[in-house]
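Remember, it's 1-based here, ligands and their atoms both numbered in the order they're listed.
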Amino acid sequence: MEEKQCRRAVFPGSFDPFTQGHANVVERGLELFDEVVIAVGYNINKPGWIPVDERVQALRSFYAQCGRVQVVKHDGLTVELAQKLGAGHILRGVRSVQDYAYELQMADVNRGLSGVDTVLLPALPQLACLSSSVVRELAHFGRRWQDMLPDGLQYHINM
Ligand code: ADP
């Protein structure tokens, strides 16, 4: 009997931090794919707000009970990671026409490079205003930002 192939998607991003908007993309991605691999991107020259290893550890704990979600650290081309993992698709979220214009271009480049196609999920209207940069901005000004993260996600650093 032919073995059913696992349908896997890579969800790349900085996730600095991971918000309810990101969690919603993962949740809906799991309705389309057997597995979603969250690829936490980092740039050695731009350490970011939360250290990348902490971003990865927090997400691994958060999704520990969900065998269909994997979390990896990644600093290369998303299509190379997708090919390495045998993932046929890249998953991304879209909040606005600006996001859409950018994602369309990236999807085109990635398909051209490798044949790996991109699935875009529109943000839920009530989550479309959430972004990692808004969280960082609120934190910077001492405002409450914790409600923008999914319940149960914890970073173990002083912010
Ligand atoms: P990047 O730096 O690659 O844009 P982000 O961590 O900011 O990475 O976002 C990763 C992905 O999640 C992107 O596709 C982005 O559009 C999407 N995303 C971010 N916030 C939301 C949200 N509130 N709802 C849906 N998708 C979102």
Side-chain angles (χ1 to χ4, degrees), residues 8-33 35-63 66 68-82 84-85 87-111 113-114 116-140 143-155 157 159:
R8 188 175 286 135
V10 175
F11 180 32
S14 318
F15 308 115
D16 189 21
F18 191 84
T19 69
Q20 285 188 29
H22 296 132
N24 180 258
V25 171
V26 172
E27 191 182 322
R28 288 157 65 205
L30 288 172
E31 288 169 18
L32 303 173
F33 299 99
E35 269 184 37
V36 171
V37 181
I38 303 173
V40 182
Y42 71 100
N43 177 337
I44 200 149
N45 298 312
K46 288 194 213 154
W49 188 48
I50 300 171
V52 66
D53 289 327
E54 178 58 30
R55 276 182 256 160
V56 170
Q57 281 317 318
L59 283 176
R60 284 192 178 146
S61 303
F62 182 65
Y63 284 111
C66 181
R68 293 168 59 208
V69 177
Q70 288 182 50
V71 184
V72 299
K73 179 163 102 171
H74 179 64
D75 71 343
L77 280 177
T78 303
V79 288
E80 285 177 359
L81 179 69
K84 191 172 114 192
L85 296 172
H89 292 84
I90 293 168
L91 180 64
R92 295 281 286 178
V94 177
R95 288 159 294 185
S96 61
V97 287
Q98 287 82 1
D99 271 2
Y100 184 68
Y102 173 74
E103 295 296 344
L104 207 59
Q105 205 176 24
M106 285 310 297
D108 222 29
V109 169
N110 286 330
R111 196 184 320 102
L113 278 175
S114 63
V116 174
D117 219 337
T118 299
V119 170
L120 299 178
L121 291 180
L124 293 191
Q126 64 272 33
L127 299 178
C129 59
L130 291 188
S131 69
S132 303
S133 55
V134 166
V135 173
R136 294 195 299 268
E137 187 100 353
L138 288 174
H140 178 75
R143 296 299 179 124
R144 191 164 171 77
W145 49 270
Q146 287 81 354
D147 302 341
M148 295 185 172
L149 272 47
D151 259 358
L153 174 68
Q154 284 205 328
Y155 294 106
I157 55 164
M159 293 189 278

Working for side-chain contact (heavy atoms from CB on, under 4.5 Å), residues L149 and Q154: CA-CA 9 Å; L149 272 47; Q154 284 205 328; over 6 Å; no
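- Not a single N or O atom of V25, backbone or side chain, sits closer than 3.5 Å to an N or O atom of ligand 1.
- Considering both main-chain and side-chain atoms, L130 comes within under 3.5 Å of ligand 1 through a nitrogen or oxygen pair.
- The closest heavy-atom contact to atom 16 (O) of ligand 1, among the options G93, S131, A39, S132, comes from G93.
- The nearest heavy-atom contact from the protein to atom 24 (N) of ligand 1 is A123 CB, 3.4 Å.
- With salt bridges taken as basic N to acidic carboxylate O contacts below 4.0 Å, one links R92 and E103.
- A donor-acceptor contact shorter than 3.5 Å is absent between the side chain of S14 and the backbone of D16.
- The contact set between ligand 1 and G21, taken as ligand atoms under 4.0 Å from a residue heavy atom, comprises 22 (C), 23 (N), 24 (N), 25 (C).
- Between F18 and ligand 1 there is no heavy-atom distance shorter than 4.0 Å.
- Which parts of ligand 1 touch E103 is read off a 4.0 Å heavy-atom cut-off, strictly below it: atoms 14 (O).
- Residue S133 places every heavy atom at 4.0 Å or more from ligand 1.
- Considering only non-hydrogen protein atoms, atom 19 (C) of ligand 1 sits nearest to H22 NE2, 3.3 Å.
- Of all atoms in ligand 1, listed by their number and element, those nearer than 4.0 Å to a heavy atom of D99 are 16 (O).
- The shortest contact between atom 6 (O) of ligand 1 and any protein heavy atom is with F15 N, 2.9 Å.
- Looking only at protein heavy atoms, the nearest one to atom 4 (O) of ligand 1 is R92 NH2, 3.6 Å.
- Looking at S14, P122, P125, C129 and measuring to atom 8 (O) of ligand 1, the nearest heavy atom belongs to S14.
- Residue P12 has at least one heavy-atom neighbour below 4.0 Å for each of these atoms of ligand 1: 10 (C).
- Under a 3.5 Å cut-off, the side chain of D99 and the backbone N or O of R95 do form a donor-acceptor pair.
- Distances between N or O atoms of T19 and those of ligand 1 include no value under 3.5 Å.
- A distance-only check finds a donor-acceptor pair linking the side chain of R28 to the backbone of P122 [under 3.5 Å].
- No donor-acceptor pair under 3.5 Å is formed between the side chain of H140 and the backbone N or O of R143.
- Ligand 1 lies nowhere less than 4.0 angstrom from a heavy atom belonging to Q20.
- The ligand atoms of ligand 1 that sit less than 4.0 angstrom from a heavy atom of G13 are 3 (O), 6 (O), 8 (O), 10 (C).
- Remark: side-chain polar atoms of N110 are paired, donor with acceptor, to backbone N or O of M106 under 3.5 angstrom.
- Counting heavy atoms from C-beta outward, I90 and V116 have side chains that approach closer than 4.5 Å.
- No more than 12 heavy atoms of other residues, nucleotides or ligands sit less than 6.0 Å from atom NZ of K84.
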Evaluate the side-chain contact (heavy atoms from CB on, under 4.5 Å) criterion for residues F18 and Y155: first the C-alpha distance (whole Å), next the side-chain angles of each, then the deciding distance (0.1 Å), finally the verdict. CA-CA 10 Å; F18 191 84; Y155 294 106; 3.4 Å; yes
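- Here the protein heavy atom with the shortest distance to atom 20 (N) of ligand 1 is R95 NH1, 3.3 Å.
- Between F33 and H89, the two ring planes are tilted [angle within 30° to 60°].
- Contact record, H74 with A39: CB-CB, 4.2 Å, taken as the closest heavy-atom pair.
- Looking only at protein heavy atoms, the nearest one to atom 11 (C) of ligand 1 is F11 CE1, 3.7 Å.
- In terms of N/O distances under 3.5 Å, ligand 1 is approached by L127.
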